[in-house]
Amino acid sequence: MSGAFIVIEGLEGAGKSTVIGAVSEYIKNKGHDVLCTREPGGTPMAEAIRDCVKQDWSTEEVTQETELLLMYAARSQLVHNVIKPAINQGQYVVGDRHNLSSLAYQGGGRQVPDLTMSQLKTMTLGSFSPNFTLYLDIEPILGLSRARGRGELDRIEMAGIAFFERARERYLAEIKTMQQQDAYSAAIIDASQDVDSVRESVLNSLDAWYSEFHHASRS
Ligand code: T5A
């Protein structure tokens, strides 16, 4: 039996890492093996790319093309070497970020043209896409203040507020399109709530998706 790919998305400080444990726990309780991944990262090479994209290169400008290509290089390594093999073995993969992050940050935030985004996606992932996306929606000001409370901001987190407003707008637009194509493919969670309420909303949405997914894969 094939597994599934569940992705948690959202801006900085939305609470993705905070809810990932609850998502994994839910899936394990349903009797499945779970593998958690993060992007960029998740293989030795992709983790090296993560360090590279997050660090501040001070005097050297990181071009938006470099940033974009590094994100897709890391994703290609992870999907090919880890995610697809795990799903084929029946595991449920829970991803902290995936392709939607690139659409939001590089497509929306950095304003990389749509054609470039879709060409790169097709080249590296083909038709591969998550079974379910949980988008934790938060105003950038609140998310960034949470991220700041956690420690120093990295290179991407230091982009201006307008960058994150554009990223959020793109997230919301993409999620809307996904839901129009398949109502069960994605859910929006109000991430400005307290931790317990966010967790509860996440689990309710996950439960609705799981019932539908399980039902569809049995019939
Ligand atoms: N990126 C990534 C791209 O530009 N393009 C891409 O294609 C990809 C894949 C990744 C960076 O790379 C960029 C996006 C990022 O800038 P990262 O370290 O993985 O770097 O960054 P984030 O995923 O954004 O990690 P964060 O830790 O900032 O966000 P999380 O995981 O959403 O937030 P979390 O859970 O760590 O929480 C942050 C703080 O808030 C508190 C937590 O305790 C923690 O202190 N918190 C709450 N406080 C109050 N109420 C709640 N509901 C809370 N939930 C969490």
Side-chain angles (χ1 to χ4, degrees), residues 5 7-24 36-43 46-56 62-79 82-83 93-112 116-118 120-121 124-125 129-130 133-161 163-164 166-168 170-171 174 188-203:
F5 185 29
V7 173
I8 306 172
E9 286 280 359
L11 295 178
E12 332 292 309
K16 298 175 296 299
S17 315
T18 306
V19 298
I20 210 161
V23 171
S24 313
C36 292
T37 59
R38 68 172 182 181
E39 294 192 30
T43 76
E47 285 293 323
I49 294 173
R50 178 186 177 88
D51 291 342
C52 195
V53 284
K54 283 179 69 115
Q55 94 172 246
D56 181 5
V62 178
T63 68
Q64 66 177 35
E65 290 78 13
T66 299
E67 183 179 273
L68 175 69
L69 292 169
L70 288 173
M71 293 297 176
Y72 275 96
R75 183 164 302 128
S76 176
Q77 289 302 112
L78 180 69
V79 169
V82 177
I83 299 179
V93 179
V94 181
D96 186 339
R97 297 192 180 278
H98 184 59
N99 192 55
L100 199 51
S101 287
S102 292
L103 292 180
Y105 283 75
Q106 281 68 50
R110 305 270 189 237
Q111 299 176 301
V112 173
T116 308
M117 297 303 301
S118 69
L120 261 178
K121 197 258 171 193
T124 52
L125 305 178
S129 62
T133 300
L134 278 157
Y135 167 59
L136 306 189
D137 183 48
I138 196 156
E139 295 221 2
I141 295 260
L142 178 56
L144 286 168
S145 80
R146 285 184 190 166
R148 226 173 260 122
R150 189 204 43 203
E152 289 283 297
L153 297 183
D154 63 36
R155 187 184 61 81
I156 295 174
E157 287 166 343
M158 287 187 290
I161 200 76
F163 168 88
F164 291 102
R166 288 195 298 274
R168 183 188 187 203
R170 181 62 67 92
Y171 262 133
E174 293 289 340
I188 299 179
I189 307 294
D190 175 4
S192 66
Q193 307 172 91
D194 60 62
V195 173
D196 288 343
S197 306
V198 171
R199 187 184 296 118
E200 195 186 330
S201 304
V202 161
L203 292 178

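Side chains are part of it too, since the values below use all heavy atoms of this structure and drop only hydrogens, waters and symmetry mates. If you're wondering where the values come from, they're calculated on a predicted model, not measured in any experiment. Counting starts at 1 for both ligands and their atoms, in listed order.
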(message) Strictly below 4.0 Å, N to O, side chains only: are E47 and K54 in salt-bridge contact?
(response) no

(message) With heavy-atom distances below 4.5 Å as the criterion, would you say the side chains of V202 and R199 are in contact?
(response) no

(message) Using a 4.0 Å cut-off on heavy atoms, what residues surround ligand 1? Order them by chain and number.
(response) L11, E12, G13, A14, G15, K16, S17, T18, E39, P40, R50, K54, M71, R75, R97, S101, S102, Y105, Q106, R146, R150, I156, E157, Q193, D194, V195, V198

(request) Identify which one of L136, L142, D137, V198 satisfies the side-chain contact (heavy atoms from CB on, under 4.5 Å) criterion when paired with S192. (result) L142

(message) Do E139 and R168 have side chains that approach each other closer than 4.5 Å (heavy atoms only, starting at C-beta)?
(response) yes

(request) Output the distance between atom CZ (R75) and atom CG (N99), rounded to the nearest 0.5 Å. (result) 5.0 Å

(message) A side-chain contact here means heavy atoms from C-beta on lying under 4.5 Å apart; do Q106 and Y72 qualify?
(response) no

